[in-house]
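Here's the structure we're looking at; comments come further down.
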Amino acid sequence: GNSVTQMEGPVTLSEEAFLTINCTYTATGYPSLFWYVQYPGEGLQLLLKATKADDKGSNKGFEATYRKETTSFHLEKGSVQVSDSAVYFCALSGSSRGNKLVFGAGTILRVKS
Amino acid sequence: NAGVTQTPKFQVLKTGQSMTLQCAQDMNHNSMYWYRQDPGMGLRLIYYSASEGTTDKGEVPNGYNVSRLNKREFSLRLESAAPSQTSVYFCASSELAGTGALNTEAFFGQGTRLTVV
């Protein structure tokens, strides 16, 4: 079945550092890929998405590129801020009818000032 | 825009009590989900409904039942609450995958924090 594996955390960075959170997936066909963010005490919200190979999703300075050859969708940001401290989830939506969403385990990001 | 609305936001139950968590979405989505989130465990799928009239078990369905009342509403019932069900519960909805829709991302409610004592 479909699955998502993302790097374990927590990840602790200083403000303005470069961020990478790795995400790889297993799926048949051509899934859509997502990154969600969860701020403390809140629900999950979509951060960015990509629906086909080589697409780059971007939002709020975060980017991720859909790499079918490496089955990856790594999240990057050039300069993190304290306000980016949150839990980040990688997810996929399968291309077969009725496929449910599949989430990774989540990565806690802590940014220190 | 309301999006996905969950009620209640907080609840304390005694062991053995029952309750129903309500979820409604106003985006005309076909698919709806119930997840639980425990510290260090990420999101775990309890039940989902790919479309109105269908429900399927997820990873952790034991101790729960669901009802897809109509296209908008998807409720989660705990028949006899146990301390192990203390968690934060999230409802989500999305377009049905595999139908050509590109926007299959999920939209989440704000969560229900449930404590069973």
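Letters A, B, ... are given to chains in the order of the sequence lines, protein chains preceding strands, and every chain is numbered from 1.
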> Taking a hydrophobic cluster as the set of Ile, Leu, Val, Met, Phe, Trp and Tyr residues connected by side-chain heavy atoms closer than 4.5 Å, whether directly or through intermediates, do A/F62 and A/F34 fall within one such cluster?
Replying inline: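 Different hydrophobic clusters.
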
Interatomic distance, [X] atom [atom1] to [Y] atom [atom2] [nearest 0.5 angstrom]:
X	Y	atom1	atom2	value
B/E105	A/Q45	CD	CD	12.5 Å
B/Y33	A/L101	OH	CG	3.5 Å
A/F89	B/Q37	CZ	CD	4.5 Å

> Considering only heavy atoms, which portion of A/L46 lies under 4.5 Å from any heavy atom of chain B: side chain, backbone, both, or neither?
Replying inline: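 The answer is the side chain of A/L46.
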
> For A/Q38, is it the side chain, the backbone, both or neither that has a heavy atom under 4.5 Å from a heavy atom of chain B?
Replying inline: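 Contact with chain B is through the side chain of A/Q38 alone.
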
Please indicate whether [X] has more than 12 foreign heavy atoms, meaning atoms of other residues, nucleotides or ligands, lying under 6.0 Å from its [atom1].
X	atom1	value
B/Q17	CD	yes
A/Y30	OH	no
B/K57	NZ	no
A/E15	CD	yes

> Run the side-chain contact (heavy atoms from CB on, under 4.5 Å) check on A/Y36 and B/L43 step by step: do they pass?
Replying inline: CA-CA 12 Å; A/Y36 287 83; B/L43 286 173; over 6 Å; no

